[in-house]
Amino acid sequence: MDFTVEFYETAAGMCPLREFLDDLKAGDPDDFAAVVAGLAKLRNRQYHREPLSKPLGEGCLNCVTSASSIPASSGFL
């Protein structure tokens, strides 16, 4: 089963994670590639367990991916 990874947007239409990824892509393409690969894994249900995700209840998951030199990025499915 495939899932969609959706990024949170503020009421003003800003997307903090997308901005982070844009900055990361410009500043460290290798870490950007690692984070995007981790996010891509979250589309597949087999990765919906620790350490990539943690159930929060009511169908929500805290999803985490990390690269060698940056802290974890979190979101919800």
Worksheet item: With sequence neighbours excluded, what pairs up with Y8 under the side chain to side chain contact (heavy atoms under 4.5 Å, CB included) test?
Response: T10, P16
Worksheet item: Can you name the nearest heavy-atom pair linking P29 to G27, along with the distance?
Response: CD-C, 4.0 Å
Fill in: Distance-minimising heavy-atom pair for V35 and L21
CG1-CD2, 3.7 Å
Fill in: Pairwise distance CG(D22) to CZ(F32) - rounded to 0.5 angstrom
7.5 Å
